[in-house]
Colleague: 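I'd like to ask some things about the structure below.
The residues of the chain are indexed from 1 along the displayed sequence. None of these values were measured; they are calculated from a predicted model.
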Amino acid sequence: MAAELQLRPTKQRGQNFVIDPNTVRMIVSAAGLSEPCTVAEVGPGLGSLTLGLLDAGHHVIAVEIDELLASRLPRTVAERCGDDAPFDLVVADALRVTELPESPELGPPAALVANLPYNVAVPVLLHFLETFPTIRTVLVMVQAEVADRLAAEPGSRTYGVPSVKARWYGTVSRAGSIGTNVFWPAPNVDSGLVRIERHADGRRTGGDPAGADPVSGNPAGADPAGADPAGGDPAGGDGAGDQRGSDGAHRGPPSRESVFAAIDAAFAQRRKTLRAALSGWAGSPARAEEILRAAGIDPRARGEVLDIDDYVALAAAKETV
């Protein structure tokens, strides 16, 4: 097929196509989708994973930026699965997609299963989690190093911005390792599977009425009364879920934007204490310390020891003290 298309995979688009049927079956199995559902796939390439998902009974919505590959994929699906296969193709940049088709029988996308282009894997993953709150399960293949970063726990060497931001949306875990010999062309590094299950109770998934953020809400694991996850007093007295500002007015939980701004600031200077690293974000070192103490966080700590609930508490404290 590649010869027919005179295809030359490019590093610019991170094109490494899975060509091993056993690997495709492993990916489909690792997704853990027990019932047929609508599955979004980014970067379907030559269609091996697309066909595997269709064989498993899912409706596949494939997002492909490469017009040459996109021109052949519908014919590949029709040849292997029939003209009436439950398949939709969106020819677009995945980072700019804001709407996806729905299956008449199965509804909007409930899962993202993909061999993500390595050069944009994390931005695409976060964009889809933010833009499509109906996606409850994610199983993506990325570079092994990126997989380790996404699944890293607080305090580890690889824990960083992707680790924390992914946890805003759900629980993150490593789901397998894949060598280089199952790809064409073979990449220079191994790959890893990452699984994300969106928070089941809907926390951090409530849409913003103003349309600013389709994925925001209360912190996973937060105490119903809003107590600090480290065991301190509730931030601002009413907890991250129901804050009162210094003017006494009730405030909702912090937005994704405010939480992510705190994360970015903390890791921009990860070797510094949070008091110093957050001084620009807060306005001054003294103000940063005031916010940190209100959130129940030691100002001498560093960003890599905080979990997502700590960052939620931090963003909430900034709005209320």
Side-chain angles (χ1 to χ4, degrees), residues 126-127 129-131 133 154 159-172 196 198-270 274-275 277-284 286-299 301-321:
L126 296 178
H127 173 71
L129 283 167
E130 175 190 344
T131 307
Y159 187 72
V161 171
S163 321
V164 193
K165 289 183 177 180
R167 283 166 173 76
W168 167 266
Y169 301 103
T171 58
V172 186
I196 300 175
R198 200 185 284 270
H199 299 300
D201 59 4
R203 288 177 288 189
R204 302 199 193 101
T205 59
D208 184 347
D213 175 30
V215 186
S216 61
N218 295 322
D223 183 88
D228 174 74
D233 292 333
D238 286 318
D242 185 15
Q243 300 290 322
R244 283 184 184 271
S246 57
D247 56 1
H250 282 284
R251 304 188 192 281
S255 68
R256 180 192 61 84
E257 288 87 353
S258 62
V259 175
F260 280 19
I263 295 168
D264 289 336
F267 282 96
Q269 305 177 78
R270 66 180 296 155
L274 286 168
R275 185 182 190 274
L278 296 177
S279 60
W281 169 80
S284 70
R287 172 66 174 154
E289 180 169 346
E290 179 185 20
I291 294 169
L292 285 159
R293 293 195 182 282
I297 298 169
D298 185 348
R302 289 177 170 79
E304 65 261 28
V305 303
L306 304 189
D307 63 18
I308 182 60
D309 291 327
D310 293 325
Y311 283 104
V312 171
L314 188 62
K318 186 184 182 186
E319 297 174 2
T320 55
V321 300

Colleague: Run the side chain to side chain contact (heavy atoms under 4.5 Å, CB included) check on Leu278 and Ile291 step by step: do they pass?
Modeller: CA-CA 10 Å; Leu278 296 177; Ile291 294 169; over 6 Å; no

Colleague: Measuring only between side-chain heavy atoms, which start at C-beta, is Val312 closer than 4.5 Å to Trp168?
Modeller: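 They are in contact (side-chain heavy atoms under 4.5 Å apart), so the answer is yes.
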
Colleague: Looking at every heavy atom in both Val172 and Ala166, which two are closest together, and how far apart are they?
Modeller: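 In this case the closest contact between Val172 and Ala166 is CG2-CB, 3.8 Å.
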
Colleague: Is it true that a side-chain atom of Lys318 and a backbone atom of Ser258 form a donor plus acceptor pair closer than 3.5 Å?
Modeller: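 Checking the backbone N and O of Ser258 against the side chain of Lys318, no donor-acceptor pair under 3.5 Å is found.
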
Colleague: Does Arg198 reach the main-chain N or O of Leu129 with its side chain, forming a donor-acceptor pair under 3.5 Å?
Modeller: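 Side chain of Arg198 to backbone of Leu129, a donor-acceptor pair under 3.5 Å: yes, one is there.
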
Colleague: Given 3.5 Å as the limit, does a donor-acceptor pair link the side chain of Asp310 with the main chain of Asp307, or not?
Modeller: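 The answer is yes, because a donor-acceptor pair under 3.5 Å joins these two groups.
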
Colleague: Testing the basics here: between Arg302 and Arg270, what is the closest heavy-atom pair and its distance to 0.1 Å?
Modeller: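 In this case the closest contact between Arg302 and Arg270 is CD-O, 3.7 Å.
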
Colleague: Applying side chain to side chain contact (heavy atoms under 4.5 Å, CB included), run through Arg293 and Val321 and close with a yes or a no.
Modeller: CA-CA 10 Å; Arg293 293 195 182 282; Val321 300; over 6 Å; no

Colleague: Provide the closest heavy-atom pair for Thr171 versus His199 in the form atom of the first, atom of the second, distance.
Modeller: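 Distance-wise, the nearest heavy atoms are N-CE1, 4.3 Å.
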
Colleague: With side chain to side chain contact (heavy atoms under 4.5 Å, CB included) as the test, would you mind laying out the steps for Leu306 and Ile263 before giving the verdict?
Modeller: CA-CA 9 Å; Leu306 304 189; Ile263 295 168; over 6 Å; no

Colleague: Mind running side chain to side chain contact (heavy atoms under 4.5 Å, CB included) on Tyr159 and Val305 for me, showing each step along the way?
Modeller: CA-CA 9 Å; Tyr159 187 72; Val305 303; over 6 Å; no

Colleague: Side chains of Asp298 and Leu292: does their closest heavy-atom pair fall under 4.5 Å?
Modeller: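 Of all side-chain heavy-atom pairs linking Leu292 with Asp298, none is under 4.5 Å.
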
Colleague: Which atom names give the shortest non-hydrogen contact between Val164 and Phe267, and what distance separates them?
Modeller: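 That would be CG2-CE1, 3.9 Å.
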
Colleague: Quick check for you: to the nearest 0.5 Å, what is the distance between Ser284 atom OG and Glu289 atom CD?
Modeller: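 With rounding to 0.5 Å, OG (Ser284) is 10.0 Å from CD (Glu289).
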
Colleague: Nearest heavy-atom pair of Ala294 and Ala317: which atoms, and what distance?
Modeller: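 So the two residues come closest at CB-CB, 4.1 Å.
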
Colleague: Rounded to the nearest 0.5 Å, what separation is found between the CG atom of Leu274 and the CD atom of Gln269?
Modeller: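 The CD atom of Gln269 is 11.0 Å from CG of Leu274, to the nearest 0.5 Å.
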
Colleague: Quick check: closest heavy atoms across Ala266 and Tyr311, and the distance to 0.1 Å?
Modeller: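 In terms of heavy atoms, the two residues are closest at CB-OH, 3.4 Å.
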
